[in-house]
Amino acid sequence: MKYWLMKSEPTVYSITDLQEDGQTIWDGVRNYQARNFLRQMDIGDRVFFYHSNTTPPGIVGLMTIIENQVADPTQFNQDSPYYDPKSTVNSPRWQTVKVEFMEAFPAILTLDTLKKTFNPEDLLVVKRGNRLSIIPVNLTIADQILQLVNYN
DNA sequence: GCCAACGTTGGC
DNA sequence: GCCAACGTTGGC
């Protein structure tokens, strides 16, 4: 089992939205590096849910992968801002995953705390200028994040 | 609202 | 294939 971190702006889709929906297709990713990480995800992997572009930003919960190699439906939808005319049903360009809600943390684990706890090399999300919306988190760091959640 | 970082586009 | 211009992300 691997750990990941995925960002979402809470005004677009929040941990509360996921809690209500139960599960969702993580659509709209249009960055090749992020997509390549999505392709590496397996069923059962766990994902930290990160709220970006909000005050304060930080990790707010945990979800798990229940389906992988999912063709992002928005790439075929002409009315979607994520429509990709170069993508076809037979050879979709954008794969993603379906995630299921696991838990919302009792309190947000803020970016500020993450910066104080981890080195940028160990946790990419605290690295200045990093804009990747999907990043891998190694097991050691994931354990430490979960411990922080439990102790707070 | 500012702006640094950085990805993408398109002319050449 | 280079790189300037432009667009987007996202913290502050």
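- Considering only heavy atoms from C-beta on, A:M6 stays 4.5 Å or farther from A:V29 through its side chain.
- Pairs of residues two or more places apart, or lying in two chains, that qualify as ring pair (Phe, Tyr, Trp, His ring centres under 6.0 Å) and include a residue from residues 59-107 of chain A are A:Y32-A:W94.
- Listed by chain and number, the residues in a side-chain hydrogen bond (donor to acceptor under 3.5 Å, both in side chains) with A:D143 amount to none (sequence neighbours excluded).
- The aromatic rings of A:F49 and A:W26 sit perpendicular, their planes meeting at an angle over 60°, well past the 30° parallel limit.
- Annotation: side chain of A:T54 is not in contact with side chain of A:T11 (no heavy-atom distance under 4.5 Å).
- Taking A:T88 as the reference, A:S91 meet the side-chain hydrogen bond (donor to acceptor under 3.5 Å, both in side chains) condition, with sequence neighbours excluded.
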| query | Can you give one letter per nucleotide of nucleotides 5-12 of chain C, 5' to 3': B if a protein heavy atom sits under 4.0 Å from the base, S if only from the sugar-phosphate, - if neither? | reply | --BBBBBS

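- Judged as a salt bridge (charged side-chain N to carboxylate O under 4.0 Å, His left out), and not counting sequence neighbours, the contacts of A:K2 are A:D42, A:D45.
- Taken residue by residue, residues 71-83 of chain A places no heavy atom nearer than 4.0 Å to DNA chain C.
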